[in-house]
Amino acid sequence: MIDVPDPLAQIPLVILTGAGISAGSGLATFRGAGGLWNGTPVTEVASPAGWQKDPDRVRTFYDQRRCALAQVEPSVAHRALADLQRSVAVRIITQNVDDLHERAGSSDVLHLHGVLTRVRSCLDPTITQDIGYQAQDPLARCPRGARWRPDIVWFGEEVPLITVAQQVIARAQEVWIIGSSLSVYPAAGLWQDAPSSARVVYVDPHPTTRLPDRVQVVAASADQAVPGLVQEFLRRMRTGLTSGPAPC
Ligand code: APR
């Protein structure tokens with residue numbers, strides 16, 4: 001008997017991650033000190049116009065990030081979430097394009113903004129190819145003869161998985177937002193699609209985003225906060241206390 005998950009069943013915990021969870025692995029975030037967008041104009045390397053204008057510059061930007069990704073390991077927080085996912089039906093939705101959740105052992109990760117280790121046909125976005133951590137070959141062509149491009153959702157492009165993500169978070173009993181400045185929509189507004197009864201926890205060492213009082217802010221790094229959050233969540237699951245304040 002194949003166990004078909006109930007599409008309407010509640011999900012004990014949905015986790016939305018951003019670049020901050022990979023900071024513990026040594027990868028740069030986008031904003032704040034040392035952010036990727038500090039030295040590189042977004043429109044030049046992460047937009048369709050930038051690709052049209054100078055595809056070599058765009059390819060180099062992502063080649064460099066793929067090379068950096070090959071040299072790092074999942075963080076303490078990635079691993080703690082993967083451990084949790086082994087015992088609880090946790091869904092992970094990430095804005096990150098790195099593969100560190102998967103390398104930590106997480107599964108069924110929903111990548112809202114694409115995947116760094118993959119390229120897609122410029123002619124047909126359903127035609128993709130995994131290139132791992134290699135530099136993209138500018139001369140390679142897809143089976144339909146078109147150029148490949150990074151399989152990344154660029155600024156100004158639709159977020160194909162946002163509806164799926166909204167359907168997931170609408171079933172959440174609890175939401176953790178880990179390592180995101182909540183600057184980029186529609187991902188930044190996703191947590192608000194959770195039921196009003198859902199507990200929402202926001203983990204960020206420099207919480208600048210204005211959030212409603214219902215959100216429990218944990219002003220700490222992901223590596224400092226996530227292991228404790230996981231232990232406290234498991235304790236509540238064991239005792240049946242799925243509500244109540246998250247740790248300060
Ligand atoms: N642990 C947790 N959070 C951290 C850590 C850490 N060790 N270090 C930094 N942070 C926080 C920062 O304070 C910041 O609030 O992580 C957040 C990272 O914010 P951004 O750099 O804006 O990254 P993110 O929110 O993921 O960006 C969203 O913007 O450029 C686009 O597509 C790109 O997916 C990206 C989207």
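Everything numeric here is computed off the predicted structure, so don't read it as measured data. Just so you know, ligand 1 is whichever comes first in the structure, and atom 1 is the first atom listed for that ligand. Numbers here are sequence positions counted from 1.
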Enumerate, one pair per line, all nitrogen or oxygen atoms of ligand 1 lying under 3.5 Å from a protein nitrogen or oxygen, stating the separation to 0.1 Å; write 'none' if no such pair exists.
| from | atom 1 | to | atom 2 | distance (Å) |
| --- | --- | --- | --- | --- |
| ligand 1 | 1 (N) | G20 | O | 3.3 |
| ligand 1 | 1 (N) | A222 | N | 2.9 |
| ligand 1 | 13 (O) | D204 | OD1 | 2.7 |
| ligand 1 | 13 (O) | D204 | OD2 | 3.3 |
| ligand 1 | 15 (O) | D204 | OD2 | 2.5 |
| ligand 1 | 16 (O) | G179 | O | 3.4 |
| ligand 1 | 19 (O) | S181 | N | 3.3 |
| ligand 1 | 21 (O) | F30 | N | 2.7 |
| ligand 1 | 21 (O) | R31 | N | 2.8 |
| ligand 1 | 22 (O) | R31 | NH1 | 2.6 |
| ligand 1 | 22 (O) | S181 | OG | 2.6 |
| ligand 1 | 25 (O) | S180 | OG | 2.8 |
| ligand 1 | 25 (O) | S181 | N | 2.9 |
| ligand 1 | 25 (O) | S181 | OG | 3.4 |
| ligand 1 | 26 (O) | A19 | N | 2.8 |
| ligand 1 | 27 (O) | R31 | NH1 | 3.1 |
| ligand 1 | 29 (O) | R31 | NH1 | 3.1 |
| ligand 1 | 29 (O) | R31 | NH2 | 3.2 |
| ligand 1 | 30 (O) | R31 | NH2 | 3.2 |
| ligand 1 | 30 (O) | W37 | NE1 | 2.7 |
| ligand 1 | 32 (O) | H113 | ND1 | 3.3 |
| ligand 1 | 34 (O) | Q95 | O | 3.1 |
| ligand 1 | 34 (O) | H113 | ND1 | 2.8 |

Answer whether the closest heavy-atom distance between the side chains of R31 and V184 falls below 4.5 Å. yes

Are side-chain heavy atoms of D151 and V119 found at a separation under 4.5 Å? no

Are E232 and R238 close enough, and set up right, to give a salt bridge (charged side-chain N to carboxylate O under 4.0 Å, His left out), and what steps lead you there? CA-CA 10 Å; E232 197 268 339; R238 277 194 298 272; over 6 Å; no

Salt bridge flag under 4.0 Å for residues D99 and R103: yes

Can you classify the ring geometry of W154 versus W51 as parallel (below 30°), tilted (30 to 60°) or perpendicular (above 60°)? tilted

Going by an N to O cut-off under 4.0 Å, is there a salt bridge joining R91 and E174? no

